[in-house]
Amino acid sequence: MNKYDPVKTEAKWTKIWHQTNLNKTPEEVKDKFYNLVMFPYPSGNLHIGHWYNFAPADTLGRFSKMHGKDVLEPFGYDSFGLPAENAAIERGLMADKWTDQNIADMTKQMNKIGAMYDWDKTLKTSDPNYYKWTQWMFLKLFQDKKAYQKDGLVNWCPNDKTVLANEQVVNGECDRCGSAVERKNLKQWYFKTTAFADALIDDLDSIDWSDKIKEMQRNWIGRSVGAHINFAIDGSNEKLQVYTTRPDTIYGVTFMVVAPEHPLVSEITSEDQSKEVNNYIAEVGAKTNIDRMETKEKTGVFTGAYAVNPATNQNVPIWISEYVLMEYGTGAIMSVPAHDERDYEFAKKFGLEINQVIEGGTIEDQAHVSSGKLINSGEFDGMDSDEAKQKITTWLESKNIGQKQTNYRLRDWLISRQRYWGTPIPIIHCDNCGVVAVPEKDLPVVLPLDQKFGKDGRSPLLDNEDFLNVKCPDCGDDAKRETDTMDTFVDSSWYFLRYPNPHYQDGPFDPVAVKRWLPVDRYIGGAEHAVLHLMYARFFTKFLHSKGHLDFNEPFTKLINQGMIDGPDGKKMSKSKGNVINPDDYVDKYGADSVRMYLMFMGPYEDGGPWDPKRFEGTHRFVNKIWEMITSSYSEISVDSAVEAELESKLHKLIKKVTEDVPNVRFNTAIASMMEFVNYASSVKLKGEVSANQWNIVVNTFTKVLAPFAPFLSEELWEKLGNHESVHAQAWPIYDENLVKDDVLTIIIQINGKLRDEFLVNSEDAFYQDELERMAKEKLGDKLAGIEVIKTIVVPGKLVNFVVR
RNA sequence: GGGAGAGUGGUGGAAUUGGUAUACACGACGGACUUAAAAUCCGUUGCCGUAAGGCUUGAGGGUUCGAGUCCCUCCUCUCCCACCA
């Protein structure tokens, strides 16, 4: 018996596919399928998580290709980022050399996966030919005032020594290194993501993403509709503007709270309260984000000032407290303790007045938060909250002290980083002209390579005179370059536009190629990017669309989020736990196809799960079983036409099942049905019950079904079966509806819904209800004697149910 | 505290519109081959019961001829957000 030799086979076909240009992307495109996986960071080692990402995605691509689709399946690298810089600092390497070596290593490993990548369509974001256009994107945003500089409180990671975007702070910690994030006042570059806040929410309805991810984006953007209201301050000309979603409760406002950082605080604070107020501000200012989050109990200080409730004309005290955030709304709130839990807690703690204005609840015990009928609200008494919100807002507008206002939790994207290994921000600072954009013709602003780092990790750009010193493009005087680089998420926000023609020189992307291939039909990647990359890429697409560069406004039509592969112990893989699975160990021993098959068979793609070496063995056994079944010789022993019909029917059922499962990423059930088929076909073969001719047709067809899953194995089998053209260039087999239908159906017999018996019936008779009932009665025979049948339910082709007393 | 999702054998997991629950695989047990082991192959395997039979999809209730699937209450777990006014 000749045994399947994956190592030899895979090397052989890798070479042949390369020589025959099998994976070249078609130029003539009729029915496109842009099959994209989120590109990886070149960390240097392809781990099993990468395999889980790319191998099933490739099955989808190959499956589509066999269906006659023109498939674009590119691969590249998100190659700017901190790990390269850390390697440079810690080990004295060059960040660029380290990165390029990793790319070379990973590309070698990537070739083992058996994917249909067209290596002509590759890119890396650290390539000047690429980041030139990232800088171009910055300039376009800058020209449109959607890239701007702002002074303010920012998140600072003391370990990575850079600022972070809001999205990159998780539970008060840096999402890269886990350090506690500090708050600093710094001038930084931002992209105006909030300009597209509405579109980012509304257009979610038009794309095929999981509800989970869509909901996460909606929550992150956090749209809320309410009103701005200006409160007069007693004894001052200043107005205190607040944002509220509950204008219906304005008669219940008994105090105001402003954020400690609010600019009005210093102006309105009375002399006798100023010491206490200043102490409080200092105390809060010293806290980190984590400290702030840990503060459970409400704290605050009275400013000594009063505002006037415009509804009641009552004077209400103005307090400061850290529970009001300067970053959201106006940094000031009107407090309605009767109908807001936080205000209630605050009022109870500091003995402030509580006025109920919505009927119901037990205000003595807790805030009554739900909406309802208004009371104690003058002319608005008796109105429902929803109506009162409208009416009161209109009333405020008529008095010119308020208006309807929509607010978002989304903050503009902070994109500058005080790091070296990233795309330089194409800006020049000139003493005469201020902030000046680098002219387009001067792009790219080249990042100097071979830079040495000190132990402190200080960006070498800060000390690189050649880089720093430039002439101002406006006035020609000496000027300095911006030394911050861009967040690497900027690089990855538009890469999918460049893949169709990564060699294009006249712009960031080739408009003809983009028209041909975009938007992305399947986008596959981890759910951890729900509010990061996936939102940033949508923002870029919307911006480019608004400027007429793109004719679509959503980049990823259908999104698939694969799960995570854990270690055999069920825990997240990590070097320190010693539970990391190295795919090479398995690939070198069992072959890529077995790894691919196991990853797809282990469970639903969206769930992931632990890597189980035992179960892997099981899948590998299946691969060998296929090899044995197809390559060992077939001999007719006792040909049986009933078995021939059965085998043909099972083959067509298999085709149908796999055809339906793969587009829905149900790889596990597709493979299960292949196993079932092989089990049956093997037993037929052993007994030689079908003609050699039919057997030949069956194994040829089966090999085509197998092809997207196990590209090497199927190609070798295909050749052994005497075919000359690649199996991957074959058309997907079409199943015959008539053969999928069963000739004989099993009808079950129930009594009161419980299974009691069953019988077989020819499919053409299975839809005559009277006949089915008669047959069921006959089959049950004596069992029904003396029992009163009240009702009989007949489901044609399925069952007969006798309802008895 | 808010939002989303999920609970099925010893394990990963299958189950068209409500219509044979536990497909496929792992593990376990028994057997064949072997001096022996590995590999391979064959059988058994939801639970209780010798059997007939009964029970079974987190718990309880409901709708229905019939519920893993639909509705209500509760419990548990996972993920996301979190003083967002």
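Residue numbers begin at 1 in each chain, while the letters A, B, ... track the order of the sequences.
Here OH of A/Tyr328 is found 12.0 Å from CD1 of A/Ile333. Values are rounded to the nearest 0.5 Å.
Among the heavy atoms of the strands, none lies under 4.0 Å from A/Arg666. Among the heavy atoms of the strands, none lies under 4.0 Å from A/Pro610. Within 4.0 Å of A/Gly618, counting heavy atoms only, lie sugar-phosphate atoms of the nucleic acid but no base atom.
Comparing A/Ala332 and A/Pro604 by the nucleotide of RNA chain B that holds the closest heavy atom to each, the one mapping nearer the 5' end is A/Pro604. Nearest-nucleotide assignment on RNA chain B puts the 5′-proximal partner with A/Val170, out of A/Val170 and A/Tyr243.
Remark: the separation of the C1' atoms in B/U76 and B/C70 is 22 Å, to the nearest Å. To the nearest whole angstrom, the two C1' atoms, one in B/C77 and one in B/G30, are 38 Å apart. Nucleotides B/A25 and B/A14 have their P atoms positioned 15 Å apart, rounded to a whole Å. If you take atom C1' in B/A15 and the same atom in B/G19, they sit 12 Å apart, rounded to whole Å. Distance noted for atom P between B/U57 and B/C47: 15 Å (whole Å). When the C1' atom is compared between B/G10 and B/A28, the two are found 8 Å apart, to the nearest whole Å. Of the P atoms belonging to B/A21 and B/G31, the separation is 34 Å, rounded to the nearest Å. Nucleotides B/G27 and B/A82 have their C1' atoms positioned 43 Å apart, rounded to a whole Å.
The partner of B/U57 cannot be assigned: no Watson-Crick or G-U wobble pair with both contacts below 3.5 Å exists in any strand. Look at B/G1: its Watson-Crick or wobble partner, with both distances under 3.5 angstrom, is B/C81. The pairing partner recorded for B/A25 is B/U11, the criterion being a Watson-Crick or G-U wobble arrangement whose two distances lie under 3.5 angstrom. Remark: B/A37 base-pairs with no nucleotide; criterion is Watson-Crick or G-U wobble with both hydrogen-bond distances under 3.5 Å. Base pairing of B/G66: no nucleotide in any strand meets the Watson-Crick or G-U wobble criterion (both distances under 3.5 Å). Pairing for B/A6 goes to B/U76, judged as Watson-Crick or G-U wobble with the two contacts each under 3.5 Å.
Atom P of nucleotide B/G13 and atom OH of A/Tyr598 are separated by 10 Å, given to the nearest angstrom. Put simply, OH on A/Tyr328 is 13 Å from C1' on B/A82, counting in whole angstrom units. Atom CD of A/Glu215 and atom C1' of B/U78 are 17 Å apart (whole Å). To the nearest angstrom, P of B/C26 lies 11 Å from NZ of A/Lys614. At whole-Å resolution of the value, CZ in A/Phe622 and P in B/C41 are 13 Å apart. Between the CZ atom of A/Phe616 and the C1' atom of B/U11 there is a distance of 19 Å, given to the nearest Å. To the nearest angstrom, P of B/G2 lies 14 Å from CZ of A/Arg409. Straight-line distance from the CZ atom of A/Phe601 to the C1' atom of B/U11: 13 Å, rounded to whole Å.
Among B/A85, B/G19, B/U20, the nucleotide with an atom closest to any side-chain atom of A/Gln750 is B/G19. With distances taken from any side-chain atom of A/Lys798 to the nucleotides B/C26, B/U17, B/C83, the minimum falls on B/U17. Of the candidate nucleotides B/A4, B/U20, B/A85, B/U20 has the atom lying nearest to any side-chain atom of A/Thr746. Nearest to the side chain of A/Lys754, among B/C55, B/A25, B/G54, sits B/C55. Distance from the side chain of A/Arg615 is smallest for B/G12 among the nucleotides B/G12, B/A85, B/G19. Out of B/G13, B/G19, B/C81, the shortest distance to the side chain of A/Asn668 is found at B/G13. Considering only side-chain atoms of A/Ile748, the nucleotide from B/A85, B/C24, B/U20 that sits closest is B/U20.
Between A/Asn679 and B/A25 there is a side-chain N or O to OP1 or OP2 distance below 4.0 Å. Note on A/Arg621: a side-chain N or O is less than 4.0 Å away from OP1 or OP2 of B/C26. For A/Lys791, a side-chain nitrogen or oxygen approaches OP1 or OP2 of B/C65 to under 4.0 Å.
Between the side chains of A/Tyr323 and A/Asp343, at least one donor-acceptor pair of N or O atoms lies under 3.5 Å. Side-chain atoms of A/Tyr536 and A/Glu167 form a donor-acceptor pair, as typed in the model, at a separation below 3.5 Å. No side-chain donor-acceptor contact under 3.5 Å links A/Tyr586 and A/Trp51. With 3.5 Å as the limit, one finds no donor-acceptor pair spanning the side chains of A/Lys389 and A/Ser371.
Counting distance only, with no hydrogens placed and no angle test, the side-chain atoms of A/Lys298 and the base atoms of B/C83 include a donor-acceptor pair under 3.5 Å.
A salt bridge is absent between A/Lys614 and A/Glu617; no separation between the charged side-chain nitrogens and carboxylate oxygens falls under 4.0 Å.
Each of A/Asp205, A/Asp198, A/Asp202 was scored for a salt bridge (charged side-chain N to carboxylate O under 4.0 Å, His left out) with A/Arg218, with one residue passing: A/Asp205.
Checked against the 6.0 Å centroid criterion, the rings of A/Phe255 and A/Phe346 qualify as a close aromatic pair.
Shown here, B/G58 is classed anti by the O4'-C1'-N9-C4 or O4'-C1'-N1-C2 angle, which is more than 90° from 0.
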